[in-house]
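Within every chain, numbering begins at 1; the chains are lettered A, B, ... in the order of the sequence lines, protein sequences first and strands thereafter.
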Amino acid sequence: MPIRFFNTFSRQLEDFVPLEPGIVRLYTCGPTVYNFAHIGNFRAYVFEDLLQRHLEYRGYRVLRVMNLTDVDDKTIRGCRAAGIPLAEFTKPFKDAFFEDLDALRIKRAQHFPEATAADHIARMISMIETLVEKGHAYRAEDGSVYFRIRSFPAYGQLAHIVLDELQAGVRIRSDEYEKENVGDFALWKAWDPADGDVWWESPWGRGRPGWHIECSAMSTGLLGPQLDIHCGGEDNIFPHHEAEIAQSECVTELQFSRYWLHCKHLQVEGAKMAKSAGNFFTLRDLTKEKGWSGREVRYALLSVKYREPLNFTMEGLGAARSALGRIDEWTRKIREIADSANSADADPPHMRSNLAAFGQALDDDLNISAALASVFDVIRETNRRIEEISPNEAKGLMTWLDGVQSVLGLTSEESEIPQQVRDLVAQREQARLEKDWKTSDVLRDKIQTLGWTIKDSKNGQKLTRA
RNA sequence: GGCGGGGUAGCCAAGUGGUAAGGCACGGCUCUGCAAAAGCUGUAUUCGUCGGUUCGAUUCCGACCCUCGCCUCCA
């Protein structure tokens with residue numbers, strides 16, 4: 001069964017066939033580093049991570065690029081307000097972004113190009129020059145350069161927007177009165193006093209690149225003129241991705257991206273996430289202040305299909321914690337059985353269809369809900385007959401789980417147990433052998449105060465973080 | 001106003017023209033020195049509302065209600 005994706009461009013499910021067999025060129029729009037990214041941003045990045053991991057699970061080599069927008073209105077405003085150079089202002093947010101990626105176990109792309117890098121600026125300028133030469137762009141009096149959307153008849157095809165309807169009701173901003181058409185967008189923005197010392201030289205005078213050209217230049221520069229998949233949040237469809245198509249295709253005269261995948265926004269507690277509503281969360285708010293782990297947040301963001309709106313709730317985080325506990329517990333049990341396996345041949349035959357269901361669900365436009373359901377089906381079924389599971393079968397299950405976890409990225413971190421706790425557990429073991437329950441309970445409390453919870457099982461004491 | 005999503009048990013959510021996956025929560029049971037944990041198990045005559053097509057619709061069609069996104073730099 002082929003992998004199928006819903007292509008925003010055609011608005012249909014399509015079989016996925018990359019341009020070059022075995023290789024996927026993937027471009028994903030990254031953050032604007034003027035602030036800490038919020039969980040809505042991370043829904044998109046987690047979805048893209050799932051996409052990359054599943055493609056890799058299916059044997060593709062994924063070449064991925066994610067840009068960092070480190071110059072735009074907001075970053076300039078921020079550095080001016082702070083009275084520091086632009087790069088100094090954006091640096092901490094870049095660092096924080098990578099920390100957050102790690103916390104959410106998002107695999108690194110091959111490249112994280114920064115818009116302000118000299119070679120990328122050069123490429124943007126060169127693309128704009130080509131667009132001007134070809135008549136797709138024009139210089140306004142103030143030195144800004146605009147893309148002439150009338151010169152690209154396909155403009156609007158991705159978003160399914162009819163240009164004539166677009167005109168109605170749009171207010172023309174005073175600083176852009178020189179545009180031929182209200183829909184024309186900036187490729188190059190002329191320097192303005194409010195920009196301070198943020199500017200680059202160009203054939204049109206001092207200024208800075210527009211947002212859209214940044215992605216066109218960095219994607220085609222690093223991945224070549226044609227991408228297999230281009231992703232982003234649904235809000236990027238128009239105008240951002242529409243503009244990228246126009247700019248790129250007018251330069252390369254090739255189809256820019258073969259597949260467009262967009263994820264829906266999330267809501268928080270059933271409402272639109274907004275600072276004013278008090279339901280606005282960065283990842284740090286959840287991990288550092290509320291004590292959720294990155295893995296738990298990842299599960300909450302991952303467990304709903306990317307094309308459905310996701311309702312992010314505190315209760316949902318609790319559900320994520322419990323569900324992960326169930327997976328962890330099962331993993332621990334099966335691994336214990338598998339440890340005594342003596343054969344490398346371990347393919348549980350009667351489980352095969354269940355085991356395959358995981359990948360098949362993801363092949364179907366990344367149906368993660370169905371994929372997770374298949375995982376829990378396997379867990380329930382094997383728990384039911386846990387006493388009969390042979391070491392070899394357990395080993396087979398662990399192999400399957402390795403594959404599943406390479407996609408989900410939800411493996412439990414086997415935490416280091418401090419020596420002090422180890423000693424107390426040993427003492428308690430002795431007390432229990434002597435049926436000294438009083439001492440046993442005292443030790444259990446003591447261990448609890450050190451941040452670890454004891455659970456007595458048939459096979460002895462089990463430790464988990466409190 | 002235009003375009004596009006979504007409304008399925010207490011919560012989060014799959015899904016299909018033929019009679020509702022999975023997770024969480026809750027109840028029952030097993031296990032257990034106690035406790036907790038863990039495991040098994042039960043729980044939607046019903047899929048926003050009203051019509052229509054059909055032998056049969058949650059699934060197709062129409063209308064309506066609610067909600068979210070985009071409509072020029074917001075994932």
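B:G27 and B:G48: their C1' atoms are spaced 29 Å apart (whole Å). Taking the C1' atom of each, B:C64 and B:C26 are spaced 36 Å apart, rounded to whole Å. For the C1' atoms, the distance linking B:G62 with B:U19 amounts to 25 Å, nearest Å.
Positionally, the nearest nucleotide of RNA chain B for A:Ala271 lies more toward the 5' end than for the other of A:Ala271 and A:Asn41.
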In B/S/- notation, 5' to 3', how is nucleotides 17-30 of chain B contacted by protein heavy atoms closer than 4.0 Å?
-> ----BSSSS-----
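Salt bridge status for A:Asp49 with A:Arg298: present, with a side-chain N to carboxylate O gap under 4.0 Å. Salt bridge status for A:Glu180 with A:Arg150: absent, with no side-chain N to carboxylate O gap under 4.0 Å.
In this structure, the nucleotide among B:G4, B:G6, B:A75 sitting nearest to the side chain of A:Leu266 is B:A75. Checking B:C3, B:A75, B:C73 against every side-chain atom of A:Ala186, the shortest atom distance belongs to B:C73. The side chain of A:Lys305 approaches B:A14 more closely than any other nucleotide in the set B:C68, B:G33, B:A14.
Of the side-chain N and O atoms in A:Arg384, one or more sit less than 4.0 angstrom from OP1 or OP2 of B:U41. The phosphate of B:A14 (OP1 or OP2) has no side-chain N or O of A:Asn367 nearer than 4.0 angstrom. For A:Lys264 and B:G4, the shortest distance from a side-chain N or O to OP1 or OP2 is not below 4.0 Å.
Listed by first then second residue, pairs satisfying salt bridge (charged side-chain N to carboxylate O under 4.0 Å, His left out) with a partner in residues 262-274 of chain A number zero, not counting sequence neighbours.
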Show me the side-chain donor-acceptor pairs of residues 101-108 of chain A shorter than 3.5 Å, one per line, residues at least two apart or across chains.
| from | atom 1 | to | atom 2 | distance (Å) |
| --- | --- | --- | --- | --- |
| A:Asp102 | OD1 | A:Arg108 | NH2 | 3.1 |
| A:Asp102 | OD2 | A:Arg108 | NH2 | 3.1 |
| A:Arg105 | NH1 | A:Gly409 | O | 3.3 |
| A:Arg105 | NH1 | A:Thr411 | O | 2.6 |
| A:Arg105 | NH2 | A:Thr411 | O | 3.1 |
| A:Arg105 | NH2 | A:Glu413 | OE2 | 3.4 |
| A:Lys107 | NZ | A:Glu56 | OE1 | 2.7 |

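For A:Lys189 against B:C73, a side-chain-to-base donor-acceptor contact under 3.5 Å is present.
Taking the six-membered ring for Trp and thresholds of 30 and 60 degrees, A:Phe358 and A:Trp400 have ring planes more than 60 degrees apart, a perpendicular arrangement.
Under a cut-off of 6.0 angstrom, the local environment of NZ in A:Lys94 is crowded, with over 12 non-hydrogen atoms contributed by other residues, nucleotides or ligands.
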